[in-house]
Amino acid sequence: VSACVAEGCHVCDAVGARERHLYSDATWFAFSPAEVPGWVMLATREHVQGMWDLSSEQAESLGPLVRAIGGAVVEATGAHRAHLVYLGESALHFHLMFLPRNEQEPPLLDNSPLVAAAQATGDVEAVRAVAARIRGMLAPH
Ligand SMILES: [Zn+2]
């Protein structure tokens with residue numbers, strides 16, 4: 001397994017750190033990213049920029065690991081559910097955040113302003129054209 005060494009990448013810096021380690025294998029590294037019960041960050045061991053760059057091996061192992069970590073987060077914390085967040089705004093290194101959530105907690109994200117702003121500047125023809133391209137790319141071959 002090659003070390004993750006992209007310069008200036010804080011996820012690379014965290015991968016392999018022993019003090020917050022929760023799980024690791026040849027492909028993945030899971031750790032506690034903050035002093036918050038149940039928060040788990042899962043990252044590729046290699047510096048992979050995003051979901052679009054995952055190898056077949058990484059992609060195939062992701063689903064079972066997401067299920068296992070999500071289940072562990074819910075069971076260990078007694079939470080109602082676990083949220084899975086992927087933004088990648090702080091680092092261009094594929095990582096997911098698992099967050100235990102309870103019913104009485106407010107939503108993590110109110111996406112209505114984002115949707116409204118995007119739709120206000122949206123181009124209906126562009127939306128349809130991009131949707132058609134994506135549909136074509138995802139069609140079974
Ligand atoms: Zn990195």
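Keep in mind that the numbers below use all heavy atoms, side chains included, and drop hydrogens, waters and symmetry copies. Counting starts at 1 for both ligands and their atoms, in listed order.
Side-chain contact annotation: Trp39 with Ser32, donor-acceptor N/O pair under 3.5 Å absent.
The Zn ion (ligand 1) has no N, O or S atom of His10 closer than 2.8 Å.
The aromatic rings of Tyr86 and Phe94 sit tilted relative to each other, their planes meeting at an angle between 30° and 60°.
Not a single side chain to side chain donor-acceptor pair (under 3.5 Å) links Gln119 to another residue, sequence neighbours left out. Partners of Arg135 under the side chain to side chain donor-acceptor pair (under 3.5 Å) rule, at least two apart in sequence or in another chain, do not exist in this structure.
Our summary of the site lists the angle at the Zn ion (ligand 1) between SG of Cys12 and ND1 of His47 as 110°, to the nearest 10 degrees.
When the N, O or S atoms of His93 are ranked by distance to the Zn ion (ligand 1), ND1 comes first.
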